[in-house]
Amino acid sequence: MSETPPNTLQYRFDGPEEAPVLILGPSLGTTWHMWDRQVPELAKQWRVFRFDLPGHGGAPAHPAGSVAELSARLLATLDALGVQRFGYAGCALGGAIGIELALRHPARLASLALVAASPRFGTADEFRQRGVVVRTNGLDPIARTAPDRWFTGGFAAAQPAITEWAVQMVRTTDPGCYIAACEALASFDVRPELGRVGVPTLVLVGSDDQVTGPAEARTLVAGIPDARLAVVPGASHLVPVEQPAAVTDLLVHHFSTAWQQPYDTGQTALPGMPAVPVQVPAAAPQPAPVAEIAPAAVPAQPTGQPDRYQNGLKVRREVLGDAHVDRALAQADEFSGDFQEFVTRYAWGEIWDRPGLDRRTRSCITLTALVAGGHLEELAFHTRAALRNGLTPDEIKEVLLQTAVYCGVPAANSAFRVAQQVIREETTPAE
């Protein structure tokens, strides 16, 4: 294992020192142990490098709020070790890191496998609300529901030890790092750029994955020029754990046959690592899948340099959420459309995006101004925005208590009623 400065990641190696390096990237809420059952076979041919996300698996809690930042930390770790070129397989958030590497650092990547991945993970609203829930309630509600998201019902019932391992893995994650990772997924969207992924790519998905399922996988395959799809039957989101033999066979085949020759061969040999016992509880052997399918075309996505309006639209969505902004824009017509453009361009593209105040402070100011003006409808969606911007319910309470002194008790009374309802809705964990 490693000493871990803030700009690098906790890691470990398995396999022969002279072999080419193959990186395995974890998903949100997991540790490198999610790949334990792939390592013995992969380490016969490759120097297997696994890493933990910040605050996961006992790694130092240095939050990283974007996929680009996580990728930069991974490359800094590899640079310090002298690893110049590598293969990469990543699951979910780990897959997003792989796509980022392929797009921004193509010379480093020899081959790519994307497991339970997507060019965009759900909606930004979903992940930002998950951050609100964790900030308010801690990780226990997320941990208790993890098996439902990660495994098929039959597997979870038949493998209680693995199910409990999954719960504890999430429960012991640092909440601040988990929230930052949610923000990284919320802001990740590479749909317009998939055509620039230039390495052989395997897209691997469980047939029963309800998080990033076959539809998302097919979007990746359709967009990446040299990609093939493998659907693993009888598996959900954490397919390397649920169907380990099938995933191992697919990875061995892909990286054995699709490894591009390096642009240069320089790579520093790495010191041997002591063996570490496999941590994932054993499961019964699983059937192998799988057929590959040919890519299908997807519509081209618009590209272009963002202007002040586009930047404002991005900020507006980040603060208020996609659902709210989509409703506002959908309701705009010839009469109100200019006003919506004005608000997006100037309120969100200029004022909200100024560097002089952070978004938490701007939310405090906005809540106070809305209470003073009696704008309770806007107070409701700006209370949601304040939670997204990192204010806790207790901090919102303090803002409203302050308004009682300076804006009047009746105004604050109405504001507490509105905010209380919004906070209850936003911070109650989904069952």
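All values below come from the heavy atoms of this structure, side chains included, with hydrogens, waters and symmetry mates left out.
Between Thr145 and Arg149, the side chains place a donor N or O and an acceptor N or O closer than 3.5 Å (distance only, hydrogens not considered). No side-chain donor from either of Thr152 and Asp208 sits under 3.5 Å from a side-chain acceptor of the other. Looking only at atom types and distance, the side chain of Arg108 has no donor-acceptor partner in the side chain of Tyr88 under 3.5 Å away. For the residue pair Gln421 and Glu425, a side-chain donor N or O sits within less than 3.5 Å of a side-chain acceptor on the partner. Using modelled atom types and a 3.5 Å distance limit, the side chains of Gln340 and Arg316 yield a donor-acceptor pair.
Ala113 and His254 get closest at one heavy-atom pair: CB-CD2, 4.3 Å. Taking both residues in full, the closest heavy atoms of Leu367 and Val399 are given as CB-CG1, 4.1 Å, listed atom of the first, atom of the second, then distance.
For the pair Val197 and Leu114, the minimum side-chain heavy-atom distance is 4.5 Å or more. With a 4.5 Å cut-off on side-chain heavy atoms, Asn137 and Ile142 do not count as touching. Side-chain contact between Arg317 and Asp326 is present, with at least one heavy-atom pair separated by less than 4.5 Å. Side-chain atoms of Thr31 and Pro26, non-hydrogen and from C-beta on, never get closer than 4.5 Å to each other. Using a 4.5 Å heavy-atom threshold, the side chains of Leu329 and Leu313 count as touching. Residues His105 and Glu100 form no side-chain contact, since every pair of their non-hydrogen atoms from C-beta on lies 4.5 Å or further apart. The shortest distance between side-chain heavy atoms of Gln10 and Trp32 falls below 4.5 Å.
Applying the ring-ring contact (aromatic ring centres under 6.0 Å, His included) test to His324 and every residue at least two apart in sequence or in another chain returns Phe381.
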Full working for salt bridge (Lys or Arg N to Asp or Glu O under 4.0 Å) between Glu350 and Arg354: CA-CA 6 Å; Glu350 289 197 4; Arg354 288 175 62 84; over 6 Å; no
Stepwise salt bridge (Lys or Arg N to Asp or Glu O under 4.0 Å) check, Asp322 with Arg120: CA-CA 14 Å; Asp322 287 332; Arg120 184 189 188 197; 3.1 Å; yes
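A donor-acceptor pair is defined here as one N or O able to donate and one able to accept, closer than 3.5 Å; such a pair exists between the side chain of Ser207 and the backbone of Gly234. Using modelled atom types, no side-chain atom of Ser27 and backbone atom of Cys91 make a donor-acceptor pair closer than 3.5 Å. Side-chain N or O atoms of Glu193 include none that pairs as donor or acceptor with a backbone N or O of Leu103 at under 3.5 Å. At least one donor-acceptor pair closer than 3.5 Å links the side chain of Thr123 to the backbone N or O of Glu126. Side-chain atoms of Thr392 come within 3.5 Å of backbone atoms of Glu395 as a donor-acceptor pair (strictly under, hydrogens ignored). Of the possible donor and acceptor atoms, none in the side chain of Arg171 sits under 3.5 Å from a partner among the backbone N and O of Asp140. At distances below 3.5 Å, not a single donor-acceptor pair connects side-chain atoms of Ser363 with backbone N or O atoms of Arg360.
Aromatic ring orientation, Phe127 versus Phe121: perpendicular (interplanar angle above 60°, classes split at 30° and 60°).
Annotation for Arg424: atom CZ counts as buried by contact number, over 12 foreign heavy atoms lying within 6.0 Å.
Taking 4.0 Å as the cut-off between side-chain N and carboxylate O, Asp14 and Arg50 count as a salt-bridged pair.
Pairs of residues two or more places apart, or lying in two chains, that qualify as ring pair (Phe, Tyr, Trp, His ring centres under 6.0 Å) and include a residue from residues 348-375 are Trp348-Trp352.
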